[in-house]
Visitor: 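So that we are looking at the same thing, I have put the structure below in structure tokens.
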Amino acid sequence: MSQYFDHRKEYQLLPGLANHARADLGPVRTPLQPAKRLGDELGIELYIKRDDSQPLGMGGNKVRQLEFYLGPALQQHADTVLITGAIQSNFVRLCAAACRKLGLEPVVQLEDRVPTNDPVYQSSGNVLLDQLYGAEIHYLPEGEDEKLADAKLDSLALDLKKQGRNPYVVHLGTEHPPLGSLGYALSVAELKIQTREQNISATHLVTPSGSGITHSGVLAGVKALDWSIKVEGICVRRETPLQQPRIEKRASEAASLLGIDPITPESVRTYDDVLAPGYGQLNQRVEQAIKKAARLEGILVDPVYSGRTLAGLIKLVEQGQIAQGSCVVFIHTGGAPALFAYQNKLNFL
Ligand SMILES: Cc1ncc(COP(=O)(O)O)c(C=O)c1O
């Protein structure tokens, strides 16, 4: 729980965290590394915050978020955790891993969010790992209705209660508090310390913007630290007209969880230029970004989240919205297991 971490410097930068239970998923301070070859090609100074390198279950941003979802689950003495996500969800895979680490039973619901019948997509990558973790898997033939997805989880939880179990639900919908964003405020505090230690004067922070838990936590962290850095959110799920108000709401909720003032709407920046044709579907820019990261830096980014976010960063530089010579931190949120699920769709020749 949270009190185990009070000694960490980054924790002390965010006093509001002390009010929130945190399960220990063994996170590490992830490296902040220069990406010189890719940065030189783009004409910027580029650093990568390697949140893909968390030790649990092949890592990723969801480890930090799950600590704050599963803290309350442990407080409530839950024995089972339910979660919903896309078929190739990293959140689901990491929740199953976290459950196993904490001695809980994972029940997962996989939603049909991506229009494909490719058997590799349906069974490889994260699905293979869900099975390895022994998660009880349910399917939902629908992927756009968060309330429906949550209602199905609640009904599965009710059935479990009737059998004498004590389930805890990690909800997706925006009517539930964005507890996971606390993990990203903490990541930003860690990053601020690292930039000071490494003498880096970052001007932009580039993050994926999906459910918005990461993006809103980053915004809340930046505000709590009074850091004058621009946060660029790259839309990976919804277009700007939907994502912008979603992040404004979630970021202010995250700020409230931290006990700080609400986020001003002007600091919320969402870009959807590389989203087409839609969530989880490749486009040429995403493929090029995946290839560039691999061939210039030896780094793996994925087709759904981190590859799309890198594609968004590259487009912002090309458009001059991130000026030449800027100092940019790309938050690498992981997702590489999905590369295997997309093997029939990627074309690197
Ligand atoms: C690897 C990866 N990166 C980024 C995201 C988007 O983060 P968020 O849902 O917090 O917006 C996800 C979400 O599942 C993810 O799995």
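All ligand and atom numbering here is 1-based and tracks the order in the structure. None of the values given here were measured: they were computed from a predicted structure.
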Visitor: Decide whether D154 and H171 meet the rule of one side-chain donor and one side-chain acceptor closer than 3.5 Å.
Guide: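 A donor-acceptor contact under 3.5 Å links the two side chains.
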Visitor: Which ligand 1 atoms are under 4.0 Å away from a heavy-atom of G334?
Guide: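 In order of numbering, the contacting atoms are 1 (C).
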Visitor: Any N/O of S209 closer than 3.5 Å to an N/O of ligand 1?
Guide: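 Between S209 and ligand 1, no N or O pair is found under 3.5 Å apart.
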Visitor: Should the pair R238-E146 be classified as a salt bridge under the 4.0 Å nitrogen-to-oxygen rule?
Guide: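 Salt bridge between R238 and E146, a charged N being under 4.0 Å from a carboxylate O: yes.
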Visitor: Could you check K249 against E175 for salt bridge (charged side-chain N to carboxylate O under 4.0 Å, His left out), going step by step and ending with a plain yes or no?
Guide: CA-CA 10 Å; K249 174 180 187 298; E175 61 281 5; over 6 Å; no
Visitor: Could you establish whether N61 and ligand 1 come within less than 4.0 Å of each other, counting only heavy atoms on the residue side?
Guide: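 Within the 4.0 Å threshold, so yes.
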Visitor: In plain terms, say whether K62 and E67 are close enough for a salt bridge, that is, a side-chain N and a carboxylate O under 4.0 Å apart.
Guide: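 So K62 does not pair with E67 through a salt bridge.
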Visitor: Quick one, K230 and L205 - any side-chain contact, counting heavy atoms below 4.5 Å?
Guide: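 Counting from C-beta outward, K230 and L205 never come under 4.5 Å.
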Visitor: Report yes or no: does R237 have a heavy atom closer than 4.0 Å to ligand 1?
Guide: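 No, that is not the case, since the closest heavy atom of the residue is not under 4.0 Å from the ligand.
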Visitor: Counting both backbone and side chain atoms, is some N or O of G212 under 3.5 Å from an N or O of ligand 1?
Guide: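 Right, the criterion is met.
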Visitor: Check whether any N or O atom of H215, backbone or side chain, sits under 3.5 Å from an N or O atom of ligand 1, and answer yes or no.
Guide: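 No, there is no polar N/O contact under 3.5 Å.
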Visitor: Taking NZ, NE, NH1 and NH2 as the nitrogens, is one of them in E105 or R100 under 4.0 Å from a carboxylate oxygen of the other?
Guide: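 Result for this pair is yes, salt bridge flagged.
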Visitor: Test your reading of the structure: does P208 have an N or O sitting under 3.5 Å from an N or O of ligand 1?
Guide: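 By distance alone, the answer is no.
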Visitor: Would you say K62 and ligand 1 have an N/O pair spaced under 3.5 Å apart?
Guide: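 So ligand 1 has an N or O lying under 3.5 Å from an N or O of K62.
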Visitor: Applying ring pair (Phe, Tyr, Trp, His ring centres under 6.0 Å) to Y47 and F330, what does each step give before you reach the verdict?
Guide: CA-CA 6 Å; Y47 294 87; F330 167 63; over 10 Å; no
Visitor: Among all protein heavy atoms, pick out the one at the shortest distance from atom 10 (O) of ligand 1; state its residue, atom name and that distance to 0.1 Å.
Guide: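 Minimum-distance protein heavy atom for atom 10 (O) of ligand 1 reads T214 OG1, 2.6 Å.
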Visitor: Which protein heavy atom lies closest to atom 16 (O) of ligand 1, and at what distance to 0.1 Å?
Guide: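 In this structure, atom 16 (O) of ligand 1 has N90 ND2, 2.9 Å as its nearest protein heavy atom.
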Visitor: Would you call R50 and D52 a salt bridge, using N to O less than 4.0 angstrom?
Guide: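 Here R50 pairs with D52 in a salt bridge, since their nearest N and O are under 4.0 Å apart.
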Visitor: Which of the atoms of ligand 1 are close to G335, meaning less than 4.0 Å from one of its heavy atoms?
Guide: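 Per the distance check, 1 (C).
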Visitor: Relative to the heavy atoms of G210, which atoms of ligand 1 are at a distance of less than 4.0 Å?
Guide: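 Under 4.0 Å from G210, ligand 1 has these atoms: 11 (O).
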Visitor: Check the pair D273 / Q319 against side-chain hydrogen bond (donor to acceptor under 3.5 Å, both in side chains), numbers first and verdict last.
Guide: CA-CA 11 Å; D273 284 15; Q319 290 170 339; 2.8 Å; yes
Visitor: Give the residue, atom name and distance (to 0.1 Å) of the protein heavy atom nearest atom 9 (O) of ligand 1.
Guide: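 The protein heavy atom lying closest is S211 OG, 2.6 Å.
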Visitor: In the protein, what heavy atom is nearest to atom 3 (N) of ligand 1, and what distance, to one decimal place, separates them?
Guide: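 Scanning the protein heavy atoms, the shortest distance from atom 3 (N) of ligand 1 goes to T333 OG1, 2.6 Å.
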